[in-house]
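Inspection log for the structure reproduced underneath, given as structure tokens.
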Amino acid sequence: TRVGVLISGTGTNLQALIEHAKRPSSSAEIVVVISNRPGVQGLKRASLAGIQTRVVDHKLYGSRAEFDGTIDRVLEEFGVELVCLAGFMRILTGPFVKKWNGKLLNIHPSLLPSFKGVNAQKQALQAGVRVAGCTVHFVAEEVDAGAIIVQEAVPVLSGDTEESLSDRIREAEHRAFPAAMELVASGAVRLAEDGHIEWKLKS
Ligand SMILES: Nc1nc2ccc(CNc3ccc(C(=O)NCCCC(=O)O)cc3)cc2c(=O)[nH]1
Ligand SMILES: N[C@@H]1O[C@H](COP(=O)(O)O)[C@@H](O)[C@H]1O
């Protein structure tokens, strides 16, 4: 399965996806990395891995529709079949999400549906939860509300700061995202018509 990865920054999740896709047993082949910001470390990671990169700078577009349309054209140019949002920080428009429905994955640093939106780790600390984690979900128009594919829990430890908790969650992300990408790329999991997750159970 030809995979496109959208990033906005560091790209540690991208790095985890790259390393997973390198395995001969993987069904995923990352064919392009698109960033909405120039010069970010994620672009260097892609180039080092021999993956083509494109920058689609949202500041250069008059509307979200035009920005998303350009992203879509790049994905089509590379024959992408599955899109992973890896630290991608722009909200995508309805038409784009509809077109890629069931082919668009996102990683969020909380156990959804708890703590949607930005600074999820901080929300968890402020809520005093003892278990936190990350979620990989299909992207729906409503932000952070799509069908859940994989989750991984991590403990919240006494003395945790937003940084120490984020680091622990990020290690879980680097396992959960490749696992979810593989499940969808291999056809083991798909998004059913009614919006629920469908597993192709081993016969
Ligand atoms: N329609 C749809 N699109 C998304 C785009 C990115 C992400 C990644 N997680 C994100 C979750 C939240 C945000 C956010 O609120 N950023 C501040 C506003 C930035 C902007 O103005 O664009 C960004 C990405 C998830 C979604 C999603 O669940 N649904
Ligand atoms: N989606 C969120 O974006 C952050 C940055 O990820 P990365 O750029 O290091 O992959 C991660 O915390 C992830 O949960």
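These values consider heavy atoms only, across backbone and side chains, with no hydrogens, waters or symmetry-generated copies. Model, not experiment: these values are computed from the prediction.
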Nearest 0.5 Å please: distance from the [atom1] atom of [X] over to the [atom2] atom of [Y].
X	Y	atom1	atom2	result
Cys134	Glu171	SG	CD	11.0 Å
Leu104	Cys84	CG	SG	8.5 Å
Glu193	Asn101	CD	CG	8.5 Å
Thr53	Arg45	OG1	CZ	14.5 Å
Phe177	Gln15	CZ	CD	14.0 Å
Lys22	Leu17	NZ	CG	12.0 Å

Side-chain donor-acceptor pairs under 3.5 Å in residues 120-127, sequence neighbours left out?
from	atom 1	to	atom 2	distance (Å)
Gln123	NE2	Lys116	O	2.9
Gln123	NE2	Val118	O	3.0
Gln123	NE2	Asn119	OD1	3.4

Does any part of the side chain of [Y], heavy atoms only, come nearer than 4.5 Å to the side chain of [X], both counted from C-beta?
X	Y	result
Val189	Lys200	no
His137	Ile149	no
Glu173	Val136	no
Val184	Leu82	yes
Ile71	Val74	no
Ile7	Asn36	no
Leu183	Val150	yes
Ile148	Ile197	no

So, [X] side chain and [Y] main chain: donor-acceptor pair closer than 3.5 Å or not?
X	Y	answer
Ser164	Asp160	no
Ser166	Glu162	yes
Arg37	Gly9	no
Asp68	Leu92	no
Thr135	Leu112	yes
Ser35	Pro38	no
Arg64	Ile91	yes
Glu182	Ser27	yes
Arg168	Pro155	yes
Thr93	Ala65	no

At their closest point, which heavy atom of [X] faces which heavy atom of [Y], and how far apart are they?
X	Y	result
Gly39	Lys44	O-NZ, 3.4 Å
Thr1	Ala185	OG1-O, 2.8 Å
Ala49	Ile18	CB-CG2, 3.7 Å
Ala132	Leu111	O-CD1, 3.5 Å
Arg175	Pro178	O-CD, 3.5 Å
Ala147	Leu191	CB-CD1, 3.7 Å

For residues Ser63 and Glu66, is any side-chain donor paired with an opposing acceptor at under 3.5 Å? yes
Does the side chain of Gln41 come under 3.5 Å of the side chain of Thr10 through a donor N or O and an acceptor N or O?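 Side chains of Gln41 and Thr10: no pair found under 3.5 Å.
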One pair to check against side-chain contact (heavy atoms from CB on, under 4.5 Å): Lys98 and Glu141. What are the steps and the verdict? CA-CA 8 Å; Lys98 273 193 188 64; Glu141 236 181 296; 3.1 Å; yes
Take Glu198 and Arg190, measure what salt bridge (charged side-chain N to carboxylate O under 4.0 Å, His left out) needs, and give me the verdict at the end. CA-CA 5 Å; Glu198 193 162 79; Arg190 72 186 190 93; 2.7 Å; yes
Please say which of Lys103, Glu29, Met181 ends up in a side-chain contact (heavy atoms from CB on, under 4.5 Å) with Val3. Met181
Test side-chain contact (heavy atoms from CB on, under 4.5 Å) applied to Thr70 and Leu75, Ile34, Val56, the passing residue: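 Exactly one option meets the side-chain contact (heavy atoms from CB on, under 4.5 Å) with Thr70, and it is Val56.
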For Phe115 and Val129, what are the C-alpha separation, side-chain angles and deciding distance, and is it a side-chain contact (heavy atoms from CB on, under 4.5 Å)? CA-CA 11 Å; Phe115 313 134; Val129 297; 3.8 Å; yes
Look at the aromatic rings of Phe67 and Phe88 and report parallel, tilted or perpendicular, splitting at 30° and 60°. parallel
What about [X] and [Y], same hydrophobic cluster or not, with Ile/Leu/Val/Met/Phe/Trp/Tyr joined at side-chain heavy-atom distances under 4.5 Å?
X	Y	answer
Leu6	Val31	yes
Val40	Val83	no
Met89	Leu60	no
Phe78	Leu14	no
Val139	Val32	yes

